[in-house]
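The first residue in the sequence is number 1, and the count goes up from there.
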Amino acid sequence: MTSKRKHDAIDTDKANVLMVGTGEYTTGYVGGTAADSDKGAGVVALTMFDLRRRGKVSRVGMCGVNGKKFPGIRNHMQKNIGDVYKDMDLTCDTYPSDDTVDPKAYMNAISTYQPGDMAIIFTPDDTHYEIAMACIQQGMHVMVTKPIVQTLEHHKNLIQAAKEKNVLVAMEVHKRWDPFYADARDRARSQLGNFQYMYAYMSQPKHQLETFKAWAGKSSDISFYLNSHHIDFSEWTLEGIARPVRVTATPSTGVAQSKGMETEDSITLTVQWENFEGNTLGCAVYTSSWVAPKSDVHSQQRFFYMGTNGEINVDQAHRGMTVACDGKPFGSVNPLFMKYTPTNGMFSGQGSYGVKSFECFVDACREINAGKKCVQDFDDGSLATVGTTVQGTAILEAGRRSLDLDGMPMDIVYDDGGHVPVDIQPHVFGNSKK
């Protein structure tokens, strides 16, 4: 997009941002109170208000389904942002109106934005595609929380639409800005040789089933929600080195069902990867759960990676810092993700990777709008662009289809170049062709 495409009604050096979704990650507001997690003040809205304070963002909008929640959300943001940090302007256009419930309110909100503006989508997984496509058709740059979509078909459609509108579309995966994960990725690519084995585990406590009861087991599952993190790490790390060729999924059940929710407690995806050099094979095991007990962290997150020349262990949940306060549970904290504690009254979390993920996207869009860079320039960086994350979507869809077929292995079929998935098919036993 060149500067000629910008409209005259805005400051073209600043971003106009629409946040679609009003829940835990956007505002920290869940069920009428602060989320019982490590994100009580939210991430997206706080970051956008701080970017406005720093001159990178102008207009901020927020869209949900139930406008009756907005008075509580405003009070929550005032208490957790406005009263905590100096110089935070919390002005925010909200959709729908405070007395309205409208699942399609995003269409009205989008219509008030113009080409070159930005949308950040944090909504239930099954809504990502429809909302993202509407934003793209409006000429907006789009960032969608992981998983960007749930099917390979929808992913390919987004790629085509983004090309036609010449807009940047990306998936929000903040671990790409985590210095531990980024360094592990670079070491794996430069020092560890061909891929051999990876085990990744990520969990959240049982009360998250209540947080996500509106969609858990109905329109998405714990694999789409949590396994997507480490699957993206693998795709990012193994780009040009290996490709996923087969996925087999197995569940654990019981806890959610006892709460009247027909969904898996834990999902394990076993993924066969094929190295391009020598056509040798590697295996990755991704496990996610939302029935863990409460512990010293909100989310257990760790992985072991082994290549032909070495191995890496990363424990994302424990960074060597613990906090104990009267009246609060003992905790292992990670200010590398979000530093909520103010410095001299000011928000000082700009170096946190939870903030960097959004700020880098905003900066990229501003550079495109100013004609300094092209959309395609960002396919080679840390941003998880729609064109470079197709394998992850294929793995997740294949995992869901494997579960629905009682653990049937699913093969990922590729284009003639061998890098971009084009189809997912049940494995034919006795057929060694990948």
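- Using cut-offs of 30° and 60° for the angle between ring planes, the F233 and Y305 rings count as perpendicular.
- Aromatic ring orientation, H230 versus F303: perpendicular (interplanar angle above 60°, classes split at 30° and 60°).
- H229 pairs in a side-chain contact (heavy atoms from CB on, under 4.5 Å) with only one of the listed residues (M202, Q316, Q301), which is M202.
- Salt bridge D13/R366: present, at least one basic N to carboxylate O contact under 4.0 Å.
- Taking the six-membered ring for Trp and the full ring otherwise, the centers of H141 and F361 sit at least 6.0 Å from each other.
- Under 4.0 Å is where a charged nitrogen must lie from a carboxylate oxygen, and between D50 and R53 at least one such pair does.
- Note that CG of L168 is 10.5 Å distant from CD of E367, once rounded to the nearest 0.5 Å.
- For the atom pair OG1 (T248) and CG (L405), the distance works out to 11.5 Å, reported to the nearest 0.5 Å.
- Relative ring orientation between Y199 and Y201 is described as parallel, the plane-to-plane angle staying below 30° on a 0-90° scale split at 30° and 60°.
- Annotation: the span from D221 atom CG to D265 atom CG amounts to 12.0 Å, rounded to 0.5 Å.
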Could you give me the CA-CA distance, side-chain angles and deciding distance for T91 and D89, then say whether side-chain hydrogen bond (donor to acceptor under 3.5 Å, both in side chains) is met?
CA-CA 6 Å; T91 302; D89 175 8; 2.6 Å; yes

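- Rounding to the nearest 0.5 Å gives a distance of 11.0 Å between CG of N275 and CZ of R243.
- Here the SG-CE distance, from C63 to M107, works out to 10.5 Å after rounding to the nearest 0.5 Å.
- Ring planes of Y353 and H174: parallel class, angle under 30° (limits at 30 and 60°).
- Under 3.5 Å, the side chains of Y286 and S234 contain a donor-acceptor pair of N or O atoms.
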Evaluate salt bridge (Lys or Arg N to Asp or Glu O under 4.0 Å) for R189 paired with D186, printing each intermediate quantity in order.
CA-CA 5 Å; R189 291 182 64 80; D186 293 341; 5.9 Å; no

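- A distance of 5.5 Å separates CG in L226 from OG in S288, rounded to the nearest 0.5 Å.
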